[in-house]
Amino acid sequence: MNYSRHFLHNHHLQSPPPMATPTTLLLRSPFYTNPRRRTTTIKASNNPPPPLHHHRRPADESIRQEAHRRNSTDHNFSAKYVPFNAHPSCTESYSLDEIVYRSRSGGLLDVHHDMEALKAFDGTYWKSLFDSRIGKTTWPYGSGVWSKKEWVLPEIDDDDIVSAFEGNSNMFWAERFGKQLVGMNDLWVKHCGISHTGSFKDLGMTVLVSQVNRLRKMNRPVIGVGCASTGDTSAALSAYCASAGIPSIVFLPADKISMAQLVQPIANGAFVLSLDTDFDGCMRLVREVTSELPIYLANSLNSLRLEGQKTAAIEILQQFDWEVPDWVIVPGGNLGNIYAFYKGFHMCKELGLVDRIPRLVCAQAANANPLYLHFQSGWEDFSPVKAKTTFASAIQIGDPVSIDRAVYALKNSNGIVEEATEEELMDAMAQADATGMFICPHTGVALTALVKLRNSGVIKATDRAVVVSTAHGLKFTQSKIDYHSKAIPEMGCKLANPPVNVKADFGSVMDVLKKYLLSKEVK
Ligand SMILES: Cc1ncc(COP(=O)(O)O)c(C=O)c1O
Ligand SMILES: N[C@@H](CCOP(=O)(O)O)C(=O)O
């Protein structure tokens, strides 16, 4: 077979641009050739390659079938479950096709990739490959998660993937917030909440539901998929399950999630249980239930989820053209994500895409702050707390399942934990909104952490910082309504901007407008 023609004809969207060498190029494509024949010599010249025209697939073929025909699993990458942070001599491991959430000793698991196989390709190779897939509709690489498939679930058939082309979320240059509130020029907000179900949970859920889809095709005992939720995980689970025709069951703490979040699983046809307890109570119940019934556990206790979540970190680096920011600030609740970010950054370093990782900050609501207290104690003692009501309701969690993962991530990234009171987080949210964003209260928690660390001089004016915005503000409009109508007891709501009631006549309208314009006049 003429490999160069085969390669160019079929795979130009997925393969990295050839490296510029004058004569011959040793191109090793792990995806489209037999691994035993993976080293292939093709001709290259100094000139850029001519524009490549993608041949449209036959009219009766879907993008899924086209992906299947490409046979992209022809490589030797692999991943398995291992006990989290185990001693190097530990040999315990499980196939990802097993249904297992805990190690033999009851500890957390981690998805471990065959790093030697990935290291057969250098950092330039991976950067080019990932960059070449952005913004395409080719299945499944149009997704920000699956554009990194080799690092996520390398062995899944493209045909089993359940994706809404999630990820590739906007990185917003927070120009006015940066300059006016923290004196920074290089402040960015990664809008992970501008996503299929309005939160960053889509990133992990596409991976978990895809694997479930595969397990069901293998006739494994999975009738449905279940989770406990503060509203975002349940929305993502039910949407991805509905898309694949898989039953979903969600355990929600009654009256503790927003109306917009509650209606999501209802609309997507999930079986919704509203329970008279808090998130931690729901979590305990769903763990018990999933150990008895053929319901697959979708909470981030299941380490598969973190494989998708970690791609947000890779995306941040990609969006900065592989330059590493100094800080990344993430709101934390059940604490899977702070570890997922660490893992994404760490993989990029280990595989030679970057030479360092950012310092991580985990931001918690003061009303639900077990990690903050643990950090304050010098990591001495960890005790769960009874989480109190917070406007950042999706992180109202007192007994986070990923506490060990979070501590590991923070210790290994020279990280920090901060907290935000209700007034601080609501003011930060209002301030951000007033500079053109429309963020959720959890992002308000992360912005409060930024403000505090700037005020104490830990984060410098010249640093580059990324605040991760985790959900869409439209899911949390009631908190904004309460704030702007000054309806929150014992809160100043100093940035409230309530509507003005005006008589519908010309004079009255003119009077209020003149007053308004005078207040805005440039002094
Ligand atoms: C909107 C939002 N932000 C932040 C978090 C925190 O993520 P994690 O639970 O991984 O710490 C969650 C969920 O807990 C969430 O739904
Ligand atoms: N914020 C989450 C809490 C559940 O945690 P997860 O770590 O299992 O996603 C939610 O939206 O439910």
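Ligands are counted one by one from 1 in listed order, and the atoms in each one are counted from 1 as well. Bear in mind the structure is a predicted one, so any value in this text is a computation, not a measurement. This chain uses plain numbering: 1 for the first residue, then up along the sequence.
Within a 6.0 Å radius of CE in Met259, no more than 12 heavy atoms belonging to other residues, nucleotides or ligands are found. Within a 6.0 Å sphere centred on CG of Asp276, other residues, nucleotides and ligands contribute 12 heavy atoms or fewer. Other residues, nucleotides and ligands contribute more than 12 heavy atoms inside 6.0 Å of the NZ atom of Lys217.
Residues Lys149 and Ile161 are in side-chain contact: their nearest non-hydrogen atoms beyond the backbone lie under 4.5 Å apart. Contact of the Pro400 side chain with the Asn334 side chain is registered, since non-hydrogen atoms from C-beta on lie closer than 4.5 Å. Counting heavy atoms from C-beta outward, Trp126 and Glu150 have side chains that approach closer than 4.5 Å.
Close approach to Ala394 involves these atoms of ligand 2, each under 4.0 Å from a residue heavy atom: 1 (N). Taking a cut-off of under 4.0 Å to the non-hydrogen atoms of Pro331, the atoms of ligand 1 that pass are 4 (C), 6 (C). Annotation for ligand 2: atoms under 4.0 Å from non-hydrogen atoms of Ser300 are 6 (P), 7 (O), 8 (O). Here is the list of ligand 2 atoms found below 4.0 Å of a heavy atom in Asp232: 10 (C), 11 (O). Remark: ligand 1 atoms within the under-4.0 Å shell around heavy atoms of Asp232 are 1 (C), 2 (C), 15 (C), 16 (O). Short contacts between ligand 2 and Arg305, defined as distances under 4.0 Å to a heavy atom of the residue, involve ligand atoms 6 (P), 8 (O), 9 (O). Distances below 4.0 Å separate heavy atoms of Ser229 from the following atoms of ligand 2: 10 (C), 11 (O), 12 (O). Here is the list of ligand 1 atoms found below 4.0 Å of a heavy atom in Asn337: 7 (O), 8 (P), 10 (O). The distance from ligand 1 to the heavy atoms of Ala471 drops below 4.0 Å at these ligand atoms: 1 (C). Below 4.0 Å from some heavy atom of Ile395 lie the following atoms of ligand 1, by number and element: 4 (C), 5 (C), 6 (C), 12 (C).
At least one heavy atom of Gly231 sits less than 4.0 Å from an atom of ligand 2. Under the 4.0 angstrom criterion for non-hydrogen atoms, Lys201 is in contact with ligand 1.
For ligand 1, one of its N or O atoms has an N or O atom of Thr470 under 3.5 Å away. Checking only distances, Ile338 never comes within under 3.5 Å of ligand 1, N or O to N or O. Remark: ligand 2 and Ser234 share no N or O pair separated by less than 3.5 Å (distance only, no angle test). Among the atoms of Thr230, none of the N or O lies under 3.5 angstrom from an N or O of ligand 1. In terms of polar-atom proximity, defined here as any N/O pair under 3.5 Å, Gly332 makes no such contact with ligand 1. Annotation: Ile397 places no N or O atom under 3.5 Å from an N or O atom of ligand 1; distance criterion only.
Checking Thr197 against Asp202 by side-chain atom types alone, a donor-acceptor pair falls below 3.5 Å. If you check the side chains of Tyr101 and Asn299, you find no donor sitting under 3.5 Å from an acceptor. No side-chain donor from either of Lys256 and Thr230 sits under 3.5 Å from a side-chain acceptor of the other.
Remark: minimum distance from atom 14 (O) of ligand 1 to any protein heavy atom is reached at Ala394 O, 3.3 Å. Closest to atom 8 (P) of ligand 1, if we only count protein heavy atoms, is Leu335 N, 3.4 Å. For atom 1 (N) of ligand 2, the nearest protein heavy atom (residue, atom name, distance) is Thr230 OG1, 2.8 Å. In terms of protein heavy-atom proximity, atom 5 (O) of ligand 2 is closest to Asn334 ND2, 3.2 Å. Atom 9 (O) of ligand 1 has as its closest protein heavy atom Asn334 N, 2.7 Å.
Note that NZ of Lys310 is 11.5 Å distant from NZ of Lys148, once rounded to the nearest 0.5 Å. Note that CZ of Phe165 is 11.0 Å distant from OH of Tyr141, once rounded to the nearest 0.5 Å.
When the heavy atoms of Phe279, Phe200, Phe251 are ranked by distance to atom 4 (C) of ligand 2, first place goes to Phe279.
The proximity of Asn299 to ligand 2, defined as any non-hydrogen pair under 4.0 Å, involves the side chain as well as the backbone.
Separation of the Phe391 and Phe476 ring centroids does not fall under the 6.0 Å cut-off.
Between Leu304 and Val207, the closest heavy-atom pair is O-CG1, 3.6 Å. Of all heavy-atom pairs spanning Asn268 and Ala242, the tightest one is O-CB, 3.5 Å.
The aromatic rings of Phe375 and Trp379 sit perpendicular to each other, their planes meeting at more than 60°, with 30° as the lower class boundary.
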